[in-house]
Number of protein chains: 2
Amino acid sequence: MARPHRAVLTAEIIADAALTLIDSGEPFGVNALARALGVKPPSLYNHVQGLEAIIELVRGRLADRYLVELPADAPWDVTVESTIRAERLMYTSHPHVVPLIATSTVTDQQAINAYDTTASALVDAGFPDSEVLVLVQLLDAFALGSGLDYAAPDAVWRPEGKTRNLGRLLELEPRGKVRSDQAFEIGLAMLLTALRARLEEHLRA
Amino acid sequence: MARPHRAVLTAEIIADAALTLIDSGEPFGVNALARALGVKPPSLYNHVQGLEAIIELVRGRLADRYLVELPADAPWDVTVESTIRAERLMYTSHPHVVPLIATSTVTDQQAINAYDTTASALVDAGFPDSEVLVLVQLLDAFALGSGLDYAAPDAVWRPEGKTRNLGRLLELEPRGKVRSDQAFEIGLAMLLTALRARLEEHLRA
DNA sequence: ACCTGAACACCGTTCAAGT
DNA sequence: ACCTGAACACCGTTCAAGT
């Protein structure tokens, strides 16, 4: 059998299977994905351009589900907070995706929309143009770093010798994902405070 | 010739060659590194445990050079600022290293020391134990994200459709590494402000 | 002690051949 | 139109053989 009467593959089917495989924690790649789909690796190239394109499809799939459209008339800090929380929920729900998308360029429309929404909220609030992308990037780095931390909460640092405080702090309760959650809340509160203070300065000047 | 009279390989030689190869931007791996060293891939395994160990050696090499010991009696915010600036200089000087070390566990002694120094500065300043690791992590994520941004400053987002503000902001001058530098300065100033404000709250309570 | 050759189980991608 | 087989140029790692 070379070609079934009804197509067994589409970009959507590939994206879904990719997300499932990534979430499983098993090694991810074109060959492994083809195996999971019961198909030979070259077949995928009839529907997607290659590994990077598949990863971008996965990003799009997640963005569609998690980065929903926000009300345009909400206060800027509500928009910012909602977006970061949605982004972090996306990452913590699919932690194995984080390392794959962390270093690639974002082209997916819904993901771009989410960043555009945050950028627009900051522009409308009164932040100067020259700062907005920086702030969007800072917030994104925080959400992403927080996602990486959630995926491997106690594995970021492994001191092998004596330390003044780091080793002791790593032993403190709570551990793991609970600590990662608390870390996220503290970091988010700090960033929002800093943003509000900075906006004050701009509006006063 | 199976074994030369004088060893051609040591862990240091491998680490240096690895850094040089990574910095060149060419594909990095055990095989490519062996080729660069004029040696067969299995030879490396007499000196290092594998690819991950080589990457950790590179981290150590950079930490030795950039994350120098700081005076223990400096004000906490000077320590924090110096460490972040040193870390960012390390990443911007070796941008291709960033994606390789971003997702791996830190075990190198000098790198651990740097984090321990920051943690201790925050503890001594009066931040509660429960927050210190979070803050160290937030600062680290910022430095790392800033390094990633410097490596590919205009490639983080590529909108293909229309956007309210994102596309316009991406076109603004300055571009590239200059913007990345400005972004770093703004982000750093914001984080230090937020840290000082948070410490105030803790000391007042 | 340490480098090599051979081997293993993988990768991502291209392309002509098949239906 | 779309799946396959064969092929290519790679990976990282193990291990017996060589000096």
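Naming convention: chains lettered A, B, ... in sequence-line order (proteins, then strands); numbering from 1 in each chain.
Where pairing requires Watson-Crick or G-U contacts shorter than 3.5 Å, the helical stems of DNA chain C with at least three consecutive pairs are C:4-8 with D:12-16, C:12-16 with D:4-8.
Taking B:Arg168 as the reference, A:Asp129, B:Asn165 meet the side chain to side chain donor-acceptor pair (under 3.5 Å) condition, with sequence neighbours excluded. B:Asp140 pairs by the salt bridge (charged side-chain N to carboxylate O under 4.0 Å, His left out) definition with nothing, not counting sequence neighbours. Under the side chain to side chain donor-acceptor pair (under 3.5 Å) criterion, B:Arg198 pairs with B:Glu131, sequence neighbours left out. Listed by chain and number, the residues in a salt bridge (charged side-chain N to carboxylate O under 4.0 Å, His left out) with A:Asp124 are B:Arg164 (sequence neighbours excluded).
Summarising the geometry, the separation between CD1 on A:Ile54 and C1' on C:dT13 is reported as 12 Å, rounded to the nearest angstrom. Note: CD (A:Glu52) to C1' (C:dC11) measures 15 Å, nearest angstrom. Rounded to whole angstrom, the span from the CG atom of B:Leu33 across to the P atom of D:dT13 amounts to 12 Å. Atom-to-atom, CG of B:Leu44 to P of D:dC15 comes out at 17 Å; the value is rounded to the nearest Å. D:dC2 atom C1' lies 5 Å from atom CG of A:Asn46, rounded to whole Å. Straight-line distance from the OH atom of B:Tyr45 to the C1' atom of D:dC15: 13 Å, rounded to whole Å. The distance from atom NZ of B:Lys40 to atom P of D:dC11 is 13 Å, rounded to the nearest whole Å. B:Leu51 has its CG atom 8 Å from the C1' atom of D:dG12, to the nearest Å.
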Side-chain donor/acceptor pairs under 3.5 Å, residues 69-78 of chain A, sequence neighbours excluded:
residue: A:Asp77; atom: OD2; partner: A:Arg196; partner atom: NE; Å: 3.2
residue: A:Asp77; atom: OD2; partner: A:Arg196; partner atom: NH2; Å: 3.4

Please tabulate, for the side chains in residues 35-42 of chain B, all donor-acceptor contacts under 3.5 angstrom to protein atoms that are two or more places apart in sequence or on a different chain.
none

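Among the nucleotides D:dC3, D:dG12, D:dG5, the one closest to the side chain of B:Val30 is D:dG12.
The local environment of CD in A:Gln49 is sparse, with at most 12 non-hydrogen atoms from other residues, nucleotides or ligands closer than 6.0 Å.
Each ring-ring contact (aromatic ring centres under 6.0 Å, His included) pair with one or both residues in residues 158-198 of chain B, not counting sequence neighbours, appears once here: B:Phe142-B:Phe184.
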Short N/O separations, protein against nucleotides 6-9 of chain C, under 3.5 angstrom:
none

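For the pair A:Ala32 and B:Pro41, nearest-nucleotide mapping onto DNA chain C gives the more 5' position to B:Pro41.
No side-chain donor from either of B:Ser104 and B:Glu52 sits under 3.5 Å from a side-chain acceptor of the other.
For the pair A:Asn31 and C:dC10, the criterion of a side-chain N or O lying under 4.0 Å from OP1 or OP2 is not met. Proximity of A:His47 to the phosphate of D:dC3: a side-chain N or O atom is located under 4.0 Å from OP1 or OP2. The side chain of A:Ser43 contributes an N or O atom lying less than 4.0 Å from OP1 or OP2 of D:dT4.
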